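Right, one structure below, let's go through it.
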Amino acid sequence: MDRAPSLATLTEQTKAAFEKRFGRPASIVVAAPGRVNLIGEHTDYNDGFVLPMAIDRYTVLAADESRGETARLYSSLVEEQQDVPLSAGDVSFLPAWTRYVRGVFDAYRDEEGIQTPVFDAVVNSSVPLGSGLSSSAALEVATATLVETLTGKSVSPVRKGLLCQLAEHRGAGVPCGIMDQFSSVLCTAGHLMLLDCRSQETKMVPMNDPGIQVLIINTNVKHELTGGEYAERRGQCESAAKILGVPSLREASTSLLEERKSSLDDVHFRRARHVIGEIERTIAAASAIETSNWDEVGRLMYASHESLRDDYEVSCPELDVLVQAAAELDTEQGVIGSRMTGGGFGGCTVSLVRTDAVESIAQAICDRYLEQTGIEATAFATPPAQGAMVITSN
Ligand code: ADP
Ligand code: MG
């Protein structure tokens, strides 16, 4: 299994990198985690429910105020130092990765009147980039935590999540929902977060049974699509809701869908069936976890995967191989359930497994995957971790 440095080790490494680069110790260290969604996929932009948790992989920022003109930011992952201006203005010349950071400065200034002072910083991360575990939200939320620590001004956690979402929209140009940023801000150790994307209300669902682990396996593929798939799915959901006469698919039900089946073409019917069914499954999974009804949780996870594969058509052969391999191991061998997680077309699967079998399960699935695809998968286990935090501030 893939072992990343612990948060404590990552913190020490990042502080040391700061001191080496800038010649003085960092006075502030903050961290924000990536996330994985246990169930509730492609429901966020349909006003539905999602059930994510923070993962034990963090983006850490070590920083100190400076007297320069612009913020100086070094990323250990991309091995690049960039000057990031803090005042309003054109940012099109900035490299892509710094726009997530700059987007946060802009959101705090434009929406809250909070101006970030000049600083130097090193950013490091154990969240794999671009694998659907939300390194982008981790970077934004870590930055927001830094801004609040530097200025001594803070907003509510929900507002913080929304400002980071705005940073992703305006800074990076990605029209994401609220799940990623809310997870990185609000999640707490030992809990999943049932998030109602319509009301933006959250309910923490305890999942702290030491006998159960969350296993994340990365296909290490990302299929290059024409780029329009996400927008196309969104559009299909909107049209389906309109035809069903509801503001969003959240307000539709399985019975309404069946009643109006003849007014929808096959594609719109299947897209709507996924979303409506997935919202029901997400609520059901939260209750099943609360009562430790693991058979039911597993059944819901596999049903979610099948629906994403057949009705929503966002899986890919590699994700299907991983889920199939997990399903074949079965509950006897410690696998509770498995499904693709994230937007799809590559990225990771999430599985619930028995802790005592996690190593052998990961090995068996990765072996099977290599055999069938010729690709090495990477696996790691994580408990539900803690959301954003200030580690040092002096
Ligand atoms: P995901 O959020 O699933 O990891 P995204 O494509 O949304 O994938 O975001 C990944 C991008 O975020 C990277 O390509 C990079 O631009 C930026 N990023 C995230 N973390 C870091 C980091 N520690 N250093 C530099 N860039 C980062
Ligand atoms: Mg992202």
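When reading the values below, keep in mind they use all heavy atoms of this one structure, side chains included, and skip hydrogens, waters and symmetry mates. First listed ligand is number 1; within each ligand, the first listed atom is number 1. Since this is a predicted model, take the numbers as computed values, not measurements.
Nearest to atom 4 (O) of ligand 1 by heavy-atom distance, out of G343, A172, C176, S135, is S135.
The aromatic rings of Y312 and H42 lie tilted to each other, with the angle between the two planes from 30° to 60°.
Remark: minimum distance from atom 26 (N) of ligand 1 to any protein heavy atom is reached at W97 CB, 3.3 Å. Among protein heavy atoms, the minimum distance from atom 8 (O) of ligand 1 is reached at G130 CA, 3.3 Å. Remark: minimum distance from atom 9 (O) of ligand 1 to any protein heavy atom is reached at S136 CB, 3.4 Å. Summary of contacts: the protein heavy atom closest to atom 20 (N) of ligand 1 is L129 CD2, 3.3 Å. In terms of protein heavy atoms, atom 11 (C) of ligand 1 is closest to Y100 OH, 3.7 Å. Nearest protein heavy-atom neighbour of atom 18 (N) of ligand 1: L139 CD2, 3.7 Å.
We find that D310 and R273 are not joined by a salt bridge, their nearest charged nitrogen and carboxylate oxygen being 4.0 Å or further apart. With respect to the salt-bridge test (charged N to carboxylate O, under 4.0 angstrom), the residues R299 and D295 do not qualify. In this structure, D64 pairs ionically with R24, as a charged nitrogen and a carboxylate oxygen lie closer than 4.0 Å. A salt bridge does not link R233 to E313: none of the charged side-chain nitrogens sits closer than 4.0 Å to a carboxylate oxygen. E112 has no carboxylate O lying under 4.0 Å from a charged side-chain N of K153, or vice versa, which leaves the two without a salt bridge. The pair R271-E229 does not meet the salt-bridge criterion, since no charged nitrogen lies less than 4.0 angstrom from a carboxylate oxygen.
Among the backbone and side-chain atoms of S135, no N/O/S atom is found under 2.8 Å from the Mg ion (ligand 2).
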Handout entry: Derivation of the ring pair (Phe, Tyr, Trp, His ring centres under 6.0 Å) call for F345 and Y230
Key = CA-CA 11 Å; F345 305 112; Y230 183 75; over 10 Å; no

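Residue S75 has at least one heavy-atom neighbour below 4.0 Å for each of these atoms of ligand 1: 22 (C), 24 (N), 25 (C). The contact set between ligand 1 and S125, taken as ligand atoms under 4.0 Å from a residue heavy atom, comprises 23 (N). When each atom of ligand 1 is checked for a heavy atom of G132 under 4.0 Å away, the hits are 3 (O). Close approach to L133 involves these atoms of ligand 1, each under 4.0 Å from a residue heavy atom: 3 (O).
Distance check for atom 14 (O) of ligand 1: every protein heavy atom is found at 4.0 Å or beyond.
Under the 3.5 Å distance criterion, the side-chain polar atoms of H191 are matched with a main-chain donor or acceptor of A189.
Ligand 1 is never approached by T59 to a heavy-atom distance shorter than 4.0 Å.
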